[in-house]
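The chains referred to below are lettered A, B, ... by the order of the sequence lines, with proteins before strands, and numbering in each begins at 1. Bear in mind that the values here come from a model prediction, so they are computed numbers and not experimental data.
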2 protein chains.
Amino acid sequence: MELDALDRALLRELQNDARQTNRELAARTGVAPSTSLERVRLLRERGVITGYHAALDLDVAGRPVQALISVRVRPPARPVIEGFREWAARLPEVIGLFVTSGPHDFLIHVAVPDVDGVYAFVIDRLTERREIADVQTTMVYEHVRSPRIEPAAPDRPRTARRSR
Amino acid sequence: MELDALDRALLRELQNDARQTNRELAARTGVAPSTSLERVRLLRERGVITGYHAALDLDVAGRPVQALISVRVRPPARPVIEGFREWAARLPEVIGLFVTSGPHDFLIHVAVPDVDGVYAFVIDRLTERREIADVQTTMVYEHVRSPRIEPAAPDRPRTARRSR
DNA sequence: TTTGAAACTCATGCGGC
DNA sequence: GCCGCATGAGTTTCAAA
């Protein structure tokens, strides 16, 4: 599973704009269109690229208010954790969900039309669930997503010396 | 800025697969290709769709370990907040960043090759910054992103009665 | 593996509805 | 506003290097 310079360049380009034509992609990465086409096909096949997704503007889409809801469930056992995760991930307010270590078990990222929506989510939606032991709300003033995630550098071939 | 049923269907489809052909899109949404093409063009022009992005598998890309780093900066004034945000968002380990209310000012989502990478991020990277007053690390066991974000329902036209 | 060209599919703009 | 068709652009395949 090695990614060479061309794979990295293609990943950078496709994270930036997944709908550019294969010709543009080829021109930007300095190869023939048939080469970039084949490489991108392999990246998908190997599972490096999991999909292509349109990004929405939450403000324009009428959901400008974001919050992070910390939730502790009881008991913190697998069926409880997984059950809650599946339920929460399907709620329309939820745009992301972390299962975490620490005093809470979940951090739920919600986007709603207004501050009332946050309150309603917490006191209407979450209270449906009996396994919830604690809830704590944090408002999100701003959410920045990294526009380019780079694959980790592959392990260097090891020589006899541990370091130099 | 109203989004009708067709707009919503197109957004759903394009969030699911942004690279399907316009013909598929038209077939799935039950309109002619020229119609879906024009609607999608308008959705982009109006800023509802902000872009199309390839999604990477972090495990396959060699960055299977995720953490959330809470950071408090001092003083919590605009130039300090913005300066830190710009700096942090550019670090290669960072895949997302929240500016938040509450006891901390930032929640930084990082993805690294191993647990050492989390520790190195905290004690090597973050210590470069003098404005940091407090740091707290939470490990991420799992991160789920919602596959479909729906636009908020538009406000109902108001009648004289408040409710029925 | 990469390439260039051939065959085919698709996007795109416009006139009619 | 939506559709269907014509045209040009883009994708995809494959034999050769």
Problem - Electrostatic pair B:Arg74:B:Glu131 at N-O distance under 4.0 angstrom - result: no
Exercise for the section: Indicate yes or no: does B:Asp17 engage B:Arg12 in a salt bridge with an N to O separation below 4.0 Å. Expected result: no
Fill in the blank from the handout: Nearest-nucleotide check on DNA chain C, B:Thr21 vs A:Thr35; residue mapping nearer the 5' end is A:Thr35
Round to the nearest Å and state the distance from [X] atom [atom1] to [N] atom [atom2].
| X | N | atom1 | atom2 | result |
| --- | --- | --- | --- | --- |
| A:Asp4 | C:dT1 | CG | P | 11 Å |
| B:Asn22 | D:dC3 | CG | C1' | 13 Å |
| B:Glu2 | D:dG1 | CD | P | 13 Å |
| B:Arg44 | C:dT12 | CZ | P | 13 Å |
| B:Arg39 | C:dT12 | CZ | P | 17 Å |
| B:Leu42 | C:dT12 | CG | C1' | 14 Å |
| B:Arg41 | C:dG13 | CZ | P | 8 Å |
| A:Leu37 | C:dA6 | CG | P | 18 Å |

Problem - Residue mapping more 5' on DNA chain D - nearest nucleotide basis, B:Leu6 or B:Arg23 - result: B:Leu6
Problem - Candidate list A:Thr137, A:Asp116, A:Leu91, test side chain to side chain contact (heavy atoms under 4.5 Å, CB included), partner A:Phe121, passing option - result: A:Leu91
Problem - Donor-acceptor pair (no angle test) under 3.5 Å: B:Ser34 side chain, D:dG4 base - result: yes
Exercise for the section: State, to 0.1 Å, how close B:Leu56 and A:Thr50 come at their nearest heavy-atom pair, and which atoms those are. Expected result: C-CG2, 4.2 Å
Completion exercise
Per atom distances to the A:Ala32 side chain, the nearest of D:dT12, D:dG4, C:dT3 is C:dT3
